[in-house]
2 protein chains.
Amino acid sequence: MPPKLLTHLLLALVAVSGAAAARRHPAPANFTASGNPVYIWPLPKNFTSGTQTLAVDPDLALDPQGAGAGAAAVAEAFERYRHLIFSPWAHAARPASAGYDVARLTVVVASADETLELGVDESYTIYIAAAGGANSIVGGATIEANTIYGAIRGLETFSQLCVFNYDTKNVEVRYAPWYIQDEPRFAFRGLMLDTSRHYLPVDVIKQVIDSMSFSKLNVLHWHIIDEQSFPLEIPSYPNLWKGSYSKSERYTVEDARYIVSYAKKRGIHVMAEIDVPGHVKQWLDERNMTTKDAYKYFVLKAQEIAIDLNWIPVNWEETFNSFGGSLNPRTVVHNWLGPGVCPKVVAKGLRCIMSNQGVWYLDHLDVPWEEVYTAEPLAGINDSAQQKLVLGGEVCMWGETADTSDVQQTIWPRAAAAAERMWSQLEAISAQDLETTVLARLHYFRCLLNHRGIAAAPVTNFYARRPPIGPGSCFVQ
Amino acid sequence: MPPKLLTHLLLALVAVSGAAAARRHPAPANFTASGNPVYIWPLPKNFTSGTQTLAVDPDLALDPQGAGAGAAAVAEAFERYRHLIFSPWAHAARPASAGYDVARLTVVVASADETLELGVDESYTIYIAAAGGANSIVGGATIEANTIYGAIRGLETFSQLCVFNYDTKNVEVRYAPWYIQDEPRFAFRGLMLDTSRHYLPVDVIKQVIDSMSFSKLNVLHWHIIDEQSFPLEIPSYPNLWKGSYSKSERYTVEDARYIVSYAKKRGIHVMAEIDVPGHVKQWLDERNMTTKDAYKYFVLKAQEIAIDLNWIPVNWEETFNSFGGSLNPRTVVHNWLGPGVCPKVVAKGLRCIMSNQGVWYLDHLDVPWEEVYTAEPLAGINDSAQQKLVLGGEVCMWGETADTSDVQQTIWPRAAAAAERMWSQLEAISAQDLETTVLARLHYFRCLLNHRGIAAAPVTNFYARRPPIGPGSCFVQ
C-alpha cells in the first residue's frame with residue numbers, strides 16, 4: 001500500500017474510538033467527514049471519507065492480483081456487481097466526459113483456497129481515490145482481501161458506494177477518497193428459510209440468496225422439510241419426496257446441489273436441515289426405552305455420525321435444555337425459545353447461535369425494526385472467552401404464511417437490521433437514538449433492495465410486510 | 001399445412017360449438033380430450049389435444065420461416081422463452097434418452113412489418129406432434145403467425161405447454177398432439193401502472209411488463225405523473241422532474257424510451273399519460289372563461305394536436321360525461337366511474353375501454369377474482385356494430401398503497417382473470433360454475449407466475465394480496 005494510506009488508517013482509528021466515546025450521542029461512525037449518513041449497509045468497521053465526487057467508467061475493468069484473484073468466482077462476482085452498478089443506466093445518454101476518475105477496479109486476493117467454512121476470513125480493505133488527487137499517489141479503486149469471500153464482501157460495499165447521478169447521468173462515488181477496513185463481528189450470520197409450509201421455487205430461493213449477499217449474511221439455514229411436506233429428492237429413498245404437496249412442488253437432488261453452489265459463489269454457506277420421521281415404537285419396546293430416551297439416543301447418535309464426518313452438529317436448544325451435559329463439546333446450540341439461553345450455553349463451554357423468537361423470528365410480524373436491531377447476541381455475557389463461543393445469530397423465516405408472494409416482503413427490511421447487528425462493531429451501532437443514527441440508513445438500504453428488484457417492505461409500518469399507508473418516497477416509508 | 005391438419009381443424013370447430021351449446025354446464029372447451037383442465041392461460045380460441053407425452057429437447061432449435069421470422073425480435077423472443085422453459089432445469093441430470101420428440105420449433109411469420117399499433121394481428125396457430133405419429137405426417141412444433149406479435153403470443157402458449165416432469169427429468173408436452181388456433185377477442189387489453197404515488201424502479205416496471213406478456217395483456221397504460229410526484233425527465237422543461245420525490249426516484253428520457261422498446265419486444269404498447277399542471281387563471285379572466293370552459297377548451301385542443309400527429313386521443317370518461325357531443329369522433333372514452341358507460345359511449349358512435357372501478361381497479365382489495373373474471377366489457381351492448389366499438393378494457397393499479405414491495409402481489413392473480421376475459425371467447429368463459437371450470441386453471445397460472453419469480457398472491461383469499469392463511473400447496477391457495 002502507498003505510504004499515504006497510513007494517514008487514512010490513523011484517521012479511521014480515531015473515528016472509531018470517537019464513536020465509542022460518544023456512544024450515547026449520535027454515533028459519528030455513521031456519518032461521513034462532511035456530516036452525511038454513510039449509506040453502506042451493514043456499517044463497515046473502520047473508514048474515512050472525503051469530499052470529492054468521482055465518476056466511474058461504465059466500462060470498468062477488473063484487474064485481478066494475488067494468488068486467489070484469478071479464480072472464476074472473482075471474475076463472476078465482478079461481473080455480477082458490474083451489472084448491478086451499471087445495467088440500470090446502460091441505456092442512459094453517455095455524457096461526453098473528459099475521462100473517468102475510476103476506470104479500473106484492482107482486486108487483490110492473497111489466498112487461492114476457496115474453502116467456505118465457519119470462520120472463513122471475510123475481511124477486506126477498499127481504497128478509492130482520484131488519480132493524482134491530493135490524498136493519494138495512485139488513483140482508482142482497490143479491494144484487498146485474504147480470501148475470495150472477503151473480496152466478494154468488498155465488491156458489495158463498492159457497489160453500494162456507486163450511485164447514479166440523474167443530473168450528470170454518470171455513476172459516481174461521492175465523499176471520496178474512501179478508505180474502508182472491514183470485517184464481521186460474528187462468523188455466523190444466518191437466515192432460515194422454510195420450504196415445507198410453502199414450497200418456494202428455485203428461482204425464488206436464488207433471489208433470497210442474492211438479497212442475503214446484499215446485507216452480507218453468510219449462512220442460509222435451509223429448513224427443507226417438515227411434517228407438512230417433503231419436497232426433496234433423496235435418491236436412496238425415492239419414495240420420500242412423494243410427500244411433496246404436488247408433483248411439481250419439488251427439489252431434485254441437482255436443484256439442491258445447484259443452490260449450494262449458487263450460494264457459495266456469493267460467500268453463503270447452506271446449512272441444510274432435514275427432519276427425520278419417527279417410527280420407533282417396536283424398537284423402543286424391545287429396548288425398554290421411553291420416547292424421551294429415544295430422542296436423546298437419536299440426537300447423540302446423530303452427533304456421533306456428524307462428528308465422524310468432520311461436520312459440526314447444530315442442535316435446536318431443546319437438546320441442551322433436556323440433556324445438555326451429555327452433548328458432545330463440539331455441539332453448537334441454536335437458541336430460539338427465549339432470551340438468556342446463550343449465556344447458559346457458553347457458561348457450559350458450548351457454542352451458541354442466537355435466534356430468540358421474540359425478536360428474530362421474522363414471522364412474528366409485530367416486532368418493529370428497532371427491536372430486531374437492538375437484539376444483541378452477546379447480551380448477558382461479559383466474559384470475553386465466553387463471548388467468543390457465541391458464533392452469531394440467525395433470523396428465521398418460518399413459512400406458515402410466507403410463500404412466493406410475500407416471502408421477500410416478510411424477510412426485508414427487518415433481516416437487514418439483524419445483519420448490521422451481526423456484522424458491525426458494537427460501539428458504532430449502540431447509539432440509543434436510532435431514529436437519528438440508523439433509520440435514514442435503513443430506509444436507504446430498503447430502497448436499494450427495491451432498486452435491485454427485491455420486494456422489501458416499508459421500514460416503519462408497525463406490522464411487518466404491510467403495504468405503504470399512502471403515497472410517498474421510498475426513503476421515508 | 002399438411003392435409004391431415006384439416007381433421008384437427010374440424011375437431012376444434014366441433015369442440016367450440018360444443019362449448020357454446022353447453023354454456024350452462026362445465027365448458028368442455030376448458031378441458032383436454034382426456035378430461036383434464038387445459039392449463040393454458042388465457043384459454044385459446046380453438047384447440048384439439050390428444051393423449052401422447054412428447055419429450056422436448058433442451059437444445060431446442062429455432063427454425064425461422066417466412067418474410068418476418070428473421071426479425072431480431074423473433075430470435076430474442078425465442079431465446080427468452082427457451083430460457084423460461086429450460087433454464088430452471090438446466091442443472092438437472094439429463095436423462096439418457098433415445099432422442100427427443102420435439103427438437104426444433106419452426107416459427108413462420110408472414111409479414112415483415114413490425115409496426116405495433118391498436119388492432120395489430122396477434123393471431124397464431126400452433127401444431128405440436130411426434131414425428132411419424134399416427135396423427136401427423138411431419139413431427140415437431142410449429143408456430144404460424146401473420147406478424148411477429150402473433151408469433152410472440154404463440155411462444156407464450158408454447159411455453160405453457162412445456163412442463164418439467166420430476167420423475168423423468170425431461171421437459172414434456174402432455175396431451176399431444178396439439179393443434180391450437182388462437183386470437184384475442186379484444187384489441188386493447190391493458191394494465192395501468194401508477195408511478196406517481198410510489199416510484200417504481202425501471203427493473204420493477206420491466207418485471208411487470210414480463211408478467212403482462214405471460215397473460216397476453218398488450219397495453220401498458222403508464223400513469224407516469226400525478227400531483228404527488230413528477231418523476232419524468234422532459235428535456236425541454238428541465239425543471240419539471242425536480243417535482244420527483246427525491247433525486248433518485250426519477251426516470252430519464254432514456255429510461256422512458258427503453259421501457260417503450262422493452263415492452264414492444266413483448267408485443268406490449270406503452271400508452272403514456274402525463275398530467276398537465278393547470279395555471280390558467282389570468283388567461284381565463286382575459287377570455288371570460290370558467291374553469292369548466294377551460295377544461296373543455298383544453299381537452300378539445302389536446303385532441304386536435306393528437307389527431308394532427310395521427311395519434312388516437314383516449315379520454316377518461318369525464319370528458320364524455322361533460323361534453324360528449326363535442327368530442328372528436330376518433331376519441332376513445334375510457335370508462336372508470338361505474339358500470340353502464342360503454343353502452344352510452346358506443347351508442348354515440350365513439351369507442352370505449354372498460355375499467356369500471358367496481359371490478360377492474362386492482363387497488364379495490366375487496367373484489368374477489370370471480371367478480372374480476374365475470375366483468376364483461378360488452379355487457380348491455382347487443383348491437384354487433386356497437387360491440388365492435390368496444391376496444392377492450394384495462395385493469396388499473398393505482399399506487400397509493402402499492403410500491404415495489406407489493407405491486408406484483410396486488411396486480412396478480414386478479415389481472416389474469418381480466419386478461420382471460422379480454423382474450424378468450426365469450427362462450428368458453430361464460431360457465432356459471434367458475435369453481436369447477438376456471439379455478440383450477442387460475443391456481444395453475446398463479447403458480448406458473450410464482451415459478452417465474454412473479455410474486456402473485458394466493459387466488460382465493462377474500463381480500464386481495466393477503467398472505468396465505470396457512471401451510472399448503474400453491475395449487476389450492
Side-chain angles (χ1 to χ4, degrees), chain A residues 88-89 91-93 163-167 169 196-199 201-204 207 228-229 233 241 245-250 252-255 257-258 399-410 412 447 450-458 465 467-475 477, chain B residues 88-89 91-93 163-167 169 196-199 201-204 207 228-229 233 241 245-250 252-255 257-258 399-410 412 447 450-458 465 467-475 477:
Chain A
W89 330 109
H91 50 270
V163 176
F164 185 72
N165 181 328
Y166 278 79
D167 293 317
K169 298 191 178 178
S196 171
R197 275 58 180 246
H198 286 95
Y199 173 82
V202 172
D203 275 358
V204 174
Q207 203 199 34
Q228 283 83 357
S229 75
E233 179 184 29
W241 73 344
Y245 280 128
S246 68
K247 282 199 166 186
S248 64
E249 288 165 296
R250 290 179 170 183
T252 63
V253 66
E254 296 89 3
D255 285 339
R257 282 195 204 109
Y258 175 74
E400 278 81 356
T401 67
D403 64 7
T404 296
S405 71
D406 62 346
V407 68
Q408 289 284 25
Q409 204 186 24
T410 320
W412 307 105
C447 299
N450 282 181
H451 171 72
R452 292 181 178 183
I454 308 295
R465 80 174 174 203
I469 55 168
S473 166
C474 178
F475 294 100
Q477 291 196 319
Chain B
W89 331 110
H91 49 269
V163 175
F164 185 72
N165 181 328
Y166 279 79
D167 293 316
K169 298 190 178 178
S196 170
R197 275 55 180 248
H198 285 94
Y199 173 82
V202 173
D203 275 358
V204 175
Q207 204 199 33
Q228 283 84 356
S229 75
E233 178 184 29
W241 75 343
Y245 280 128
S246 67
K247 282 198 165 186
S248 64
E249 287 165 296
R250 290 178 170 185
T252 64
V253 67
E254 296 89 3
D255 285 339
R257 281 195 206 110
Y258 174 74
E400 278 81 355
T401 67
D403 64 7
T404 298
S405 71
D406 61 346
V407 68
Q408 288 283 25
Q409 206 185 22
T410 321
W412 307 104
C447 299
N450 283 181
H451 170 73
R452 291 180 177 183
I454 308 296
R465 80 175 174 202
I469 55 168
S473 166
C474 178
F475 293 99
Q477 291 197 319

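In what follows, chains are A, B, ... by sequence order, proteins preceding strands, each numbered from 1.
The line from CD of A:E249 to SG of B:C474 is 5.5 Å long, rounded to the nearest 0.5 Å. Residue A:R465 holds its CZ atom at 11.5 Å from OG of B:S405, rounded to the nearest 0.5 Å. Atom-to-atom distance recorded for A:S246:OG and A:Y199:OH is 8.5 Å, nearest 0.5 angstrom.
If you check the side chains of A:E400 and A:Q228, you find no donor sitting under 3.5 Å from an acceptor. Judged purely by distance below 3.5 Å, without hydrogens or angles, the side chains of A:S229 and A:R250 never pair a donor atom with an acceptor atom.
Between A:Q207 and A:I454 there is a side-chain heavy-atom pair separated by less than 4.5 Å. B:W89 has its side chain within reach of B:Y166: a pair of non-hydrogen atoms, C-beta onward, lies under 4.5 Å apart.
Contact of A:R257 with chain B is not made at all, since no heavy-atom distance falls under 4.5 Å. For A:D403, the parts sitting under 4.5 Å from any heavy atom of chain B are the backbone and the side chain alike. Neither the backbone nor the side chain of B:W412 comes within less than 4.5 Å of any heavy atom of chain A. Residue B:P201 touches chain A through its side chain alone, counting heavy-atom pairs closer than 4.5 Å. The contact between B:D203 and chain A is made entirely by side chain atoms (from C-beta outward), counting heavy-atom distances below 4.5 Å. Contacts between B:R452 and chain A at a heavy-atom distance below 4.5 Å are absent for every atom of the residue. Contacts of A:Q408 with chain B are absent, with no heavy-atom separation under 4.5 Å from either backbone or side chain.
Counting heavy-atom pairs under 4.5 Å between each of A:A92, A:A457, A:C447, A:P88 and chain B puts A:A92 at the top. Counting heavy-atom pairs closer than 4.5 Å to chain B, the top residue among A:H198, A:K247, A:R197, A:Q409 is A:H198. Interface check for chain B: of the options A:D255, A:T410, A:N165, the most heavy-atom pairs under 4.5 Å are formed by A:D255. Residue with the most contacts toward chain B among A:A402, A:S248, A:A456: A:S248 (heavy-atom pairs, distance under 4.5 Å). Between chain B and the residues A:I469, A:D167, A:V202, the most heavy-atom pairs under 4.5 angstrom are made by A:D167.
Closest non-hydrogen pair, A:V204 versus A:V407, comes out as CG1-CG1, 4.1 Å.
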